[in-house]
2 protein chains.
Amino acid sequence: MSHVRYSRRMAVDRDQVLRSAAALLTRKSTATMDEVAKAAGISRATLHRQFAGRDALVRALEALCIAECEAALAAARPDEGPATDAVRRLVAHIEPNAPLIAFLYTENQLFEGEEQNEGWARIDERVAALFTRGQAGGEFRIDLTPAWLTEALYGLLASAAWAVAEGRVAPKDFTHMIVELLLGGVLRQDDPAPRKES
Amino acid sequence: MSHVRYSRRMAVDRDQVLRSAAALLTRKSTATMDEVAKAAGISRATLHRQFAGRDALVRALEALCIAECEAALAAARPDEGPATDAVRRLVAHIEPNAPLIAFLYTENQLFEGEEQNEGWARIDERVAALFTRGQAGGEFRIDLTPAWLTEALYGLLASAAWAVAEGRVAPKDFTHMIVELLLGGVLRQDDPAPRKES
DNA sequence: CGCACATGAGACATTGATGTCTCATGCAAG
DNA sequence: CTTGCATGAGACATCAATGTCTCATGTGCG
């Protein structure tokens with residue numbers, strides 16, 4: 001399906017390597033370049049020719065993740081219809097990338113001082129905008145900041161991905177668990193009189 | 001204030017070392033033994049005499065965190081009163097440990113195959129029991145499993161700790177953000193559609 | 001066929017952290 | 001004072017991962 005030729009011969013399918021690296025690293029975040037290479041079915045030398053180093057590999061994974069998240073964001077049409085439904089669509093579309101997000105989420109802690117890819121800022125902005133829209137439209141409560149809700153969404157995605165990987169929750173419940181908790185919370189809404197404010 | 005003597009002389013205050021190690025590692029999770037030692041104001045040799053290695057240090061931090069979480073759990077009296085209030089108390093009491101929990105949460109990913117401290121299982125059990133109680137009592141919705149809720153609570157704690165550390169949210173909102181999102185979710189409960197009579 | 005070139009295999013140096021060791025120092029107890 | 005002992009400083013070996021390099025190989029292409 002893909003006919004990528006760089007000069008004359010087909011080089012290693014870079015995208016394929018990235019995919020398998022993602023699959024491995026989401027399971028074993030400390031995998032060495034050697035293991036990544038083996039998992040991709042190539043030699044360490046070739047892996048190193050494609051990605052200057054582990055750092056570059058992670059950056060490439062980050063770029064891949066950002067691209068897919070932006071695609072998911074676009075597919076979710078966050079500006080259309082009720083914000084509630086938009087959130088559902090967003091989570092549903094992002095779900096496949098949750099493991100990779102979880103990996104990068106923890107990996108970013110290690111980068112310490114280094115500047116992070118501005119792609120995340122763009123995504124954060126759009127997600128936060130969705131929450132803001134929901135608040136402005138009266139669908140969402142206004143005492144939780146969009147920044148926190150965005151942050152919490154990432155956290156829930158990562159937690160869920162981790163919990164699924166550990167076998168603590170069923171994969172099929174993934175979207176439902178996140179969306180329902182995020183939107184509705186733990187409380188039953190019908191029976192008891194919900195109160196708020198203090 | 002503390003007069004701990006191990007043999008004849010005061011050895012380094014082990015607990016003090018642990019605290020400063022926690023403070024450092026929650027900020028820079030990749031800090032070396034050297035940095036940890038410096039942060040604690042002792043030499044690497046002494047640090048190494050107290051904790052056989054980085055691994056042992058992390059394990060000790062884990063034990064400390066577990067102990068404090070169990071103390072928080074006890075102080076929150078999860079079996080008394082409405083489950084809703086118990087959750088509020090729990091989060092409030094656990095809050096000080098959130099950064100350490102976040103650190104260990106990500107650190108655990110690295111441990112890969114190794115068995116994890118059974119202390120977490122005990123805590124998980126009790127937290128899950130609280131959610132179960134809330135469900136049984138009709139306070140909480142029943143379509144989200146206690147296991148997932150427990151997992152989600154950890155995730156939110158970690159996310160919030162991280163967000164605070166990054167300066168993206170105000171520290172004073174910590175408990176409120178977590179509790180309100182976990183309990184009530186994002187949706188406004190009063191105004192719009194959902195049929196509820198108050 | 002013969003060339004070009006990407007690849008695989010592996011040697012090698014480098015780096016950073018770790019763990020171990022020794023020794024001098026300082027301090028408190030006897 | 002003298003002794004015992006924990007400490008600080010640092011040398012040192014080790015280890016794992018990384019990055020770089022060379023070389024043989026195989027295969028597509030002209």
Side-chain angles (χ1 to χ4, degrees), chain A residues 1-22 24-62 103 106-107 109-114, chain B residues 1-22 24-62 103 106-107 109-114:
Chain A
M1 49 175 67
S2 57
H3 359 253
V4 189
R5 54 180 53 212
Y6 295 110
S7 55
R8 294 172 50 197
R9 279 167 190 69
M10 255 265 295
V12 162
D13 187 340
R14 185 188 144 105
D15 201 65
Q16 203 60 29
V17 174
L18 267 186
R19 301 286 174 181
S20 68
L24 174 60
L25 287 172
T26 54
R27 276 182 290 116
K28 181 174 164 53
S29 62
T30 57
T32 68
M33 294 293 274
D34 226 352
E35 297 174 287
V36 171
K38 276 193 179 58
I42 62 178
S43 72
R44 196 164 68 94
T46 301
L47 175 61
H48 208 272
R49 281 174 195 122
Q50 296 279 330
F51 305 98
R54 187 196 176 75
D55 205 59
L57 176 61
V58 173
R59 300 304 182 134
L61 281 173
E62 192 174 31
F103 164 70
T106 67
E107 197 76 3
Q109 325 259 23
L110 315 187
F111 278 176
E112 245 335 90
E114 317 181 25
Chain B
M1 49 172 68
S2 58
H3 354 254
V4 189
R5 51 180 58 213
Y6 295 110
S7 55
R8 294 172 48 199
R9 278 167 190 71
M10 255 263 297
V12 161
D13 188 341
R14 187 188 143 105
D15 202 65
Q16 204 60 28
V17 174
L18 266 185
R19 302 285 173 182
S20 68
L24 174 60
L25 287 172
T26 54
R27 276 181 291 116
K28 180 174 163 56
S29 62
T30 58
T32 68
M33 294 293 274
D34 226 354
E35 296 174 288
V36 171
K38 277 193 178 59
I42 62 178
S43 73
R44 196 163 69 95
T46 301
L47 174 61
H48 207 271
R49 281 174 196 121
Q50 297 278 330
F51 306 98
R54 186 196 177 76
D55 205 60
L57 176 62
V58 173
R59 299 304 182 132
L61 281 173
E62 192 174 32
F103 164 70
T106 66
E107 199 75 3
Q109 325 257 29
L110 315 186
F111 277 179
E112 247 330 92
E114 315 179 26

**Q** Answer whether the closest heavy-atom distance between the side chains of A/Val58 and A/Phe51 falls below 4.5 Å.
**A**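 No, every pair of side-chain atoms sits at 4.5 Å or beyond.
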**Q** Side chain of B/Arg44, base of C/dG19: donor and acceptor closer than 3.5 Å?
**A**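 Yes.
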**Q** Taking CD from B/Gln16 and C1' from D/dA6, how many angstroms apart are they, rounded to a whole number?
**A**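 The distance from CD of B/Gln16 to C1' of D/dA6 comes to 18 Å, rounded to the nearest Å.
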**Q** Report the nucleotide, chosen from C/dT7, D/dC21, C/dT18, that has the shortest atom-to-atom distance to any side-chain atom of B/Arg54.
**A**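 Looking only at side-chain atoms, B/Arg54 lies closest to C/dT18.
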**Q** Do A/Arg49 side-chain and C/dG8 base share a donor-acceptor contact under 3.5 Å?
**A**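 Answer yes: a donor N or O sits under 3.5 Å from an acceptor.
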**Q** What is the distance from CG of A/Asp13 to P of C/dT7, rounded to the nearest Å?
**A**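 In whole Å, C/dT7 P lies 11 Å from A/Asp13 CG.
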**Q** Using a 3.5 Å distance criterion without hydrogens, assess whether the side chain of A/Ser29 forms a donor-acceptor pair with backbone atoms of A/Leu25.
**A**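 Judged by distance alone, no pair lies under 3.5 Å.
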**Q** Is there a side-chain polar atom (N or O) of A/Ser43 under 4.0 Å from OP1 or OP2 of C/dA9?
**A**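 Indeed not, no polar side-chain atom of A/Ser43 lies that close.
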**Q** What's the CG-P distance between A/Leu47 and D/dT20, to the nearest Å?
**A**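 It works out to 13 Å between those atoms.
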**Q** Rounded to whole Å, how long is the line connecting atom NE2 of A/His48 with atom C1' of C/dT14?
**A**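 Result: 13 Å.
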**Q** Determine the sole option in B/Asp55, B/Leu57, B/Leu61 for which the side chain to side chain contact (heavy atoms under 4.5 Å, CB included) test with B/Arg59 is passed.
**A**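 Considering B/Asp55, B/Leu57, B/Leu61, a side chain to side chain contact (heavy atoms under 4.5 Å, CB included) with B/Arg59 is found only for B/Asp55.
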**Q** For B/Gln50 and D/dA6, give me the distance from atom CD to atom P, rounded to whole Å.
**A**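 Nearest whole value for this atom pair: 11 Å.
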**Q** Send over the distance from A/Asp34 CG to C/dA11 C1', rounded to a whole Å.
**A**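 Atom CG in A/Asp34 sits about 14 Å away from atom C1' in C/dA11.
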**Q** Where is the tightest heavy-atom contact between A/Thr30 and A/Glu35, given as atom of each residue plus distance?
**A**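 What the structure gives for the nearest pair is O-OE1, 4.3 Å.
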**Q** Rounded off to whole Å, could you give me the NZ-to-P distance for the B/Lys38 and D/dG8 pair?
**A**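 The answer, rounded to whole Å, is 12 Å.
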**Q** What's the CD1-P distance between B/Ile42 and D/dA9, to the nearest Å?
**A**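 Taking atom P of D/dA9 as the reference, CD1 of B/Ile42 is at 11 Å.
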**Q** Select one nucleotide: of D/dA17, D/dT7, D/dG10, the one nearest the side-chain heavy atoms of B/Ala45.
**A**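 Selected nucleotide (nearest to the side chain): D/dG10.
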